[in-house]
There are 2 protein chains.
Amino acid sequence: MSRLPRETTAATEPKPGRRASQRPTIRDVSRLAGVSRMTVSRVLSDPELVLPTTRDKVLKAVADLGYVPDKTAGSLSSRRTGFIALMLPTLTNANFAAVAHGLTEALREANYHLLIAYTDYDMAEEERQLLNLLARRPEAIVLTGAMHRRNASRMLMAADVPVVEIADLPSQPIEHAIGFSNYQVGRTAARYLLDRGFTRIGALAASPDGEVTDHRGEERMRGFEDELRLARLPTDAVLRHGSAPVSFHHGATAFRALVEAQPDIEAIFAVSDLSAVGAVMEAQRMNLRIPEDISIMGFGDFEIGREINPALTTIHVDFRALGLRTGKMLVDMLASDATPAPSVVDVGLRIVERASIKDK
Amino acid sequence: MSRLPRETTAATEPKPGRRASQRPTIRDVSRLAGVSRMTVSRVLSDPELVLPTTRDKVLKAVADLGYVPDKTAGSLSSRRTGFIALMLPTLTNANFAAVAHGLTEALREANYHLLIAYTDYDMAEEERQLLNLLARRPEAIVLTGAMHRRNASRMLMAADVPVVEIADLPSQPIEHAIGFSNYQVGRTAARYLLDRGFTRIGALAASPDGEVTDHRGEERMRGFEDELRLARLPTDAVLRHGSAPVSFHHGATAFRALVEAQPDIEAIFAVSDLSAVGAVMEAQRMNLRIPEDISIMGFGDFEIGREINPALTTIHVDFRALGLRTGKMLVDMLASDATPAPSVVDVGLRIVERASIKDK
DNA sequence: GTGACAGATGATATCGGTCCCATTAAAGGA
DNA sequence: TCCTTTAATGGGACCGATATCATCTGTCAC
């Protein structure tokens, strides 16, 4: 036999190319099944289009090779990544986690995948994260209100993708908004305490001057103060103490500080159940009776508030439902090619009365 | 002028093609800057390779167009997605959230993005999620131990990607493992209570027969029971009650059930701080004094345990550090093309002594 | 028998980047 | 001066799917 290179053989050999991994591709499946790549693709995305006998051949090849389609390639071609971006201040907050949970659930049926980023309440980080997210070409973006840095807004407009702001109702929504008014939370809390007959009313929140800012929490405080002012009551017992995000410990130290500064305080609204629970614990340590000596209410209806003694009166927002609803809306929106008009949905809030408040 | 179509003009016009969106591509940038696509790509990924003057031209074009590179396309070409997959039982657990947090932090510098999936402790869901994740071609996979369904394991082996199991030390790790032994947690807890002189010792956990199974929690119980047995003590006060995942409320109801069934109980280990805190709250309601009447210890060192009265003795594992460490290991591993030998790292655990336990 | 039509499948271009190698210009060495 | 080396840039193939349109086969009505 000649030792000259044989063109014909060379042509049928796989070209070396860039291929390094031995992971099977759709081409391998198609060869093994003896069909075209397109048929394989159809079997996996819309099996009804393919004859059952062909389908079985393909599925067998898929199984034999352990083929897992590459969504990166699919996304590029179909221009649909199947990603929904979610930007949160933090994951270590049960309510935000609940939002993510609800969203995921709603998106699962339509086979969207959540792409989560969190900012630790840091605005610069927010912008960087947003750029990272956009580079993944999500089909929609969900974010917690508050973000209104100029650049971020501009990037969002340019992204040409549905934007949903959640967990707040911004005065100037970028596009859609689903949430509740944090300002109204504050006013509602103050109104509730006023209606119970209290006149020495205080509040616990984080200082807005810290490195990180909890914009939504500050909105609640603003509403709270406004309602007090409308009732012609002083706001000097509204304590902004320590840095965001708040925690049990924050509530404990802030409570002590407030009580020491204002010994005659009758009722306290904490910016979050976390602070409120911390306050109740500190009160126990100070031998102050809740609610006989001081009434306390919180916000967020965290599970722990139901379990402590006394159980915590709080303002409830159904964050999981909020996530679910957002997800459903997005699935509908993305299924139809029409661009719906911007919408703003208020999911409302509800006072949950428990034992930590006693009418004056 | 002729009204015949002019070929030359037509050739320079953009082809209609599939292009729908008007989002700028690298081609638009290159045209505007008067350079090749490759040069644009270099400016964005390795600016040192490009002459400053050229670089500036390109960056200006990028800014003018508001160009955001498409990582989907980039990933396909470079065969590097920049994704690390993370699979967790749930996000609504502070310790798992802390893992995600630590991981994110470690991955940020190397510009990897976490792809999070969670299973709600559901094995079937786990498998579906894993497939979804693999289709995104992550460069590594991090998962909580326990997952050993046949199919899932097979898929992982086939994925040809580093696998790290965390938050447990499986007896047969798939590849790498970073975590602690839940079994040892149980034994350590029992040993600690034995050393304090208790002989009537109980525990609170979820039933493993429920719809969802907390494999790690059950491991802790197994270790706890083994240590009791070694001390020739009965295990009949180890209560498996209700369904996973546990919660404050779970702890409260399980505590009451246990105390009613075993009134002479002296000390209790709860599978999680959540249960333990719930138990302390229920004890308060039952007018049982902690620790005078009953000692309680938990696991996980959740923030709330530090704040309640009495503060909770617990077993601490640094989950955030665990995430950080995992992330660092992955970054190193992916930077070098070598495949390191499988490693198992025990991050250990630590008893945190607080007021909820009093020696007998 | 034949044309129209629907159903099943295939061929090929394309998505938007990066890899690899070629080309050109500038710098340095004998 | 000429050759080699290095730096900067460009050209074109390619990553692995899907969109789109073409082809082929068989059925049915007239």
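In what follows, chains are A, B, ... by sequence order, proteins preceding strands, each numbered from 1.
In this structure, B/Arg23 atom CZ and C/dG16 atom P are separated by 9 Å, rounded to whole Å. In this structure, NZ of A/Lys71 is placed 13 Å from P of D/dA17, rounded to the nearest angstrom. When rounded to the nearest whole Å, the span between CG of B/Leu76 and C1' of D/dA17 equals 8 Å. If you measure from atom NZ of B/Lys57 to atom P of D/dA8, you get 14 Å, rounded to the nearest angstrom. When rounded to the nearest whole Å, the span between CG of B/Leu65 and C1' of C/dG16 equals 15 Å. Distance CG (A/Leu44) to P (D/dA17): 9 Å, rounded to an integer number of Å. Distance, A/Arg79 CZ to C/dG17 C1': 13 Å, rounded to whole Å. Atoms CZ (A/Arg137) and P (C/dG16) sit 9 Å apart, rounded to a whole Å.
Comparing C/dG10, C/dG16, D/dT18 against the side chain of B/Ser77 picks out C/dG16 as the nearest. Among the nucleotides C/dT18, C/dG10, D/dT18, the one closest to the side chain of B/Ile26 is C/dT18. Counting only heavy atoms from C-beta on, A/Ser78 has its side chain closest to D/dT18 among D/dG10, C/dG16, D/dT18. The side chain of A/Arg37 lies closest to D/dA17 when the candidates are D/dA17, C/dA8, D/dG10.
Remark: side-chain polar atoms of A/Ser78 are paired, donor with acceptor, to backbone N or O of A/Gly74 under 3.5 angstrom. Side chain of B/Asp120 to backbone of B/Asp122: no donor-acceptor contact under 3.5 angstrom is found. Looking at A/Arg23, its side chain does come within 3.5 Å of a backbone N or O of B/Ala159 through a donor-acceptor pair.
More than 12 heavy atoms of other residues, nucleotides or ligands lie within 6.0 Å of CZ in A/Arg55, so this atom counts as buried by the packing criterion.
Between A/Val43 and the choices A/Val58, A/Leu49, A/Thr54, A/Val29, the side-chain contact (heavy atoms from CB on, under 4.5 Å) rule is met once, by A/Val58.
The aromatic rings of B/His113 and B/Phe83 stand perpendicular to each other, their planes meeting at an angle above 60°, with 30° marking the opposite boundary.
Side-chain contact of A/Thr39 with A/Ser36: a donor-acceptor pair under 3.5 Å is present, judged by distance alone.
Between A/Met38 and A/Pro52, the residue anchored nearer the 5' end of DNA chain C, judged by the nucleotide with its closest heavy atom, is A/Pro52. Residue-to-nucleotide proximity on DNA chain C shows that, of A/Gly34 and B/Thr72, the 5′-proximal contact is made by A/Gly34.
Not one side-chain nitrogen or oxygen of A/Thr54 sits closer than 4.0 Å to the OP1 or OP2 atom of C/dA8. Within the 4.0 Å cut-off from OP1 or OP2 of C/dA11, not a single side-chain nitrogen or oxygen of A/Ser36 is found. Residue A/Tyr67 has no polar side-chain atom (N or O) positioned under 4.0 Å from OP1 or OP2 of D/dG16. In this model, the phosphate group of C/dG10 is approached by a side-chain N or O of A/Thr39 to a distance below 4.0 Å at OP1 or OP2.
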Given protein heavy atoms under 4.0 Å, the one-letter contact record of nucleotides 22-27 of chain C, with B base, S sugar-phosphate only and - none, is simply ------

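Using a 4.0 Å heavy-atom criterion, one finds that A/Ser75 contacts no nucleic acid atom at all.
With salt bridges taken as basic N to acidic carboxylate O contacts below 4.0 Å, none links A/Glu105 and A/Arg108.
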